[in-house]
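A short write-up of the structure that comes next.
Proteins come first, then strands; the chains are lettered A, B, ... in the order of their sequence lines, and each starts at number 1.
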Amino acid sequence: MRWSKLFVPTLRDAPNDAVAPSHRLLIRGGFIRQLHAGHYSMLPLGWRVHQKVAQIVREEIDAIGGQEFSLPTMHPASIWQESGRWDTMGEIMFTLKDRKGADLALGVTHEEIFATVAAELTSYKQLPQVWYHIQTKFRDEARPKSGLLRVREFAMKDSYSFDIDAAGLDAAFAAHDQAYRRIFDRLGVPSFGVQASNGAMGGTDSIEFMTKSDAGEDDVIICRKCDYAANIEKAISSLPTIDDGEALTETEKFATPGVLTIAALEAFEGGAAATQQLKTLVMVLDKVITLVVVRGDHQLNTQKLADATGAIDIRPAGPDETMKALGASPGSLGAVGVTDHPVIVDEALRGRVNMTTGANDDGWHFRGVSVERDLTVGQWADLREVEAGEACPNCGTPLEVDRCIEIGHIFKLGTKFADVFGVTVADPDGKVVPVVMGSYGIGIGRNMAAAVEANYDDKGIIWPVSIAPYEVVITLMRTDEETMTAGETIYDDLKAAGVDALLDDRDARAGVKFADAELCGFPFRITLGPRGLKNGEAEFTIRSTEETTNVALGDIAGHVADLVRAAKS
RNA sequence: CGGGUUGUGGCGCAGCUUGGUAGCGCACCUGCUUUGGGAGCAGGGGGUCCAGAGUUCAAAUCUCUGCAACCCGACCA
């Protein structure tokens, strides 16, 4: 390709609403343009990268036996109603009506669709199967952000495994785990797996693949010593035991005028340390007022609450709802003696005594509360959010928190969809059994952005060779016949060697060409100018190291081809 | 969905307080000179000032309503 014919609208300045490095650089480098919030056009350079990312994913999933499909992106409501997700997906799903008034949805994910196809599986002899597609998904995210990192319309590879039993699922899961690690290696995105919540999907094992980045939106709890790593939505830690002293035989109500916060009660004469307090949160879980109790110094993680209760719509109760439910205002709330609302208590409070908590009477608290004696605990659950510095549950090392981008997610679905859609096969004994499924997703555009987040400098992007839009750019210092001819010869040789080459034949100044080449991130640059040509040489520059060497004109194409080949293997 | 910010040529911004012919840099077009790190000079083109309503002799500027985008949070297979 000749740069003079290529549409690459580079910008000296990024739009000021682009903040994440990948967002700024992909805009500036002429890779993407925004249409509206969460929807981007892929320009020629961007689309080349996108396709290379998709191809790597395709190769690795094919390598574990995946079979590629193409599925409808628009679905009838009925299929989502059957699986029960028409409601549970909530507002994340784009919905529309056709001319007949029938409800339709744009695909958020494709478990349902693959399951309907899988209904034609009949025998264990056909298993295992791994099916996948790489197609556009639509999600009406409440807040699209950071360029390609969080969008509403995006290509995703999702694969689904179908097995006769749990052991088969384990194998498919492990195969995907390995395939994903190979994919991220090839994409040049450092990755690690963490334990994760399954969210609304249900299921058991769930591993998210993460890459560390300030532009991310997931917090990962990580142990530097052992291999413990978990999404904060799932993470646990060891807490030192607390000596509560002798339990009081009964609770004691005492006046606490003006004390409305945990901190205020700590400072209050006759109050209690935060670790000795109960924090009572009034939440509305699927319209049911529920009391959630955690230790005074702990934070509730709402995803944990959702996982523990299966609730879909979770929000804090408003002041009116709280007053109506408990007869008191925030600051004086408690769960002691409450029986007409469900009470969910964090595991960290098991066995605790001599606790202090609000008395549901403004300006009053209880002391001497024994959690298991005085609260009507409907459910115990791990609800609190782990904080940096707490002890690793495996080895006791202080945990750290890393901001990360989720670049892939694999989890076990079990038989949920098989049960709903009748995906059953005959087992060797002739018995009809549901097929066991796994689900494995990887966002193409997000990984493209993640690759940039992991590979850039102050001049621009530094694409890994594997996904660079062009592997090498031949920068012509002049556009006279001699330079042009030398450039075309090298270009032809590179093409013949299977290298993606771009010939910068634009009538532009050297500085512009160098700056654009660096901004766009081509891994290798061959510079042809009078200086080198005089000696029959080209200059060869490696983007990542800025290292420049002189190479004989006759050798340069072969040299670059070797490097490209080496980088991709 | 809550909080904050912002909408002015393709991009970055000024102008708005105090209403009076829409400006700057980059980019773009033409010519000349230049030519190894985002050239110089001269000339030129391009804007419903987010939209609608209102106030006014007069609105980019003041008022109201709406829309959109971004950031923080909530949310997020």
Give, for atom NZ of A/K513 and atom CG of A/D504, the distance between the pair rounded to the nearest 0.5 Å.
4.0 Å
Candidate list A/F31, A/F524, A/Y470, test ring pair (Phe, Tyr, Trp, His ring centres under 6.0 Å), partner A/W463, passing option:
A/F31
Considering only atom C1', compute the distance from B/C57 to B/G19 and round it to an integer number of Å.
12 Å
Can you tell me, in whole Å, how much space there is between the C1' of B/A14 and that of B/G54?
28 Å
When you measure from the side chain of A/R143, which nucleotide among B/C76, B/C72, B/G36 comes out closest?
B/C72
Which nucleotide in the set B/C76, B/G38, B/A69 lies at the smallest distance from any side-chain heavy atom of A/I92?
B/C76
Spacing between A/D13 atom CG and B/G10 atom C1', to the nearest angstrom:
12 Å
Base, sugar-phosphate or nothing for A/D158? Non-hydrogen atoms, less than 4.0 Å.
nothing
Separation between the P atoms of B/G46 and B/C29, rounded to whole Å:
16 Å
Please report the distance, rounded to the nearest Å, between CG in A/L149 and P in B/C76.
19 Å
Taking the same atom, P, in B/G52 and in B/A68, what whole-Å distance lies between them?
16 Å
Counting heavy atoms from C-beta on, name the nucleotide in B/G38, B/C76, B/U35 closest to the side chain of A/E141.
B/C76
A/Y40 OH - B/C70 P separation (whole Å)
6 Å
Between atom CD in A/E91 and atom P in B/A74, what is the gap in whole Å?
18 Å
Expressed as a whole number of angstroms, how long is the span from A/R12:CZ to B/C13:P?
15 Å
Could you tell me how far apart A/E217 (CD) and B/C70 (P) are, to the nearest whole angstrom?
13 Å
Which residue lies toward the 5' end of RNA chain B, A/P15 or A/E539, if each is placed at its nearest nucleotide?
A/P15
Residue matched to B/C75 through Watson-Crick or wobble contacts both under 3.5 angstrom:
none
Checking N1-N3 plus N6-O4 or O6-N4 for Watson-Crick, or N1-O2 and O6-N3 for wobble, each under 3.5 Å, the partner of B/U5 is B/A69
Kindly point out which of B/G37, B/C75, B/C11 is positioned nearest to the side chain of A/F514?
B/G37
By the Watson-Crick or G-U definition, both distances under 3.5 Å, B/U30 is matched with B/A42
Considering all heavy atoms of both residues, which atom of A/C520 and which atom of A/V8 are nearest to each other, and what is their separation?
SG-CG1, 4.0 Å
Which part of the nucleic acid, if any, lies within reach of A/K145 when heavy atoms closer than 4.0 Å are counted: base, sugar-phosphate only, or nothing?
sugar-phosphate
With both distances under 3.5 angstrom, what nucleotide forms a Watson-Crick or G-U wobble pair with B/C57?
B/G20
How close or far is atom P of B/G73 from atom CD1 of A/I232, stated in whole angstroms?
13 Å
Go ahead and name the base partner of B/U48; Watson-Crick or wobble counts if both distances stay under 3.5 Å, otherwise write none.
none
Please work out if A/G532 contacts a base, only the sugar-phosphate, or nothing of the nucleic acid, heavy-atom cut-off 4.0 Å.
base
For B/U21 and B/A60, measure between their P atoms and round to the nearest Å.
10 Å
Spacing between A/R403 atom CZ and B/C72 atom P, to the nearest angstrom:
8 Å
I need the A/L6 CG to A/L503 CG distance, nearest 0.5 Å.
11.5 Å
Nearest 0.5 Å, please: how far is CD in A/Q303 from CG in A/N231?
8.5 Å
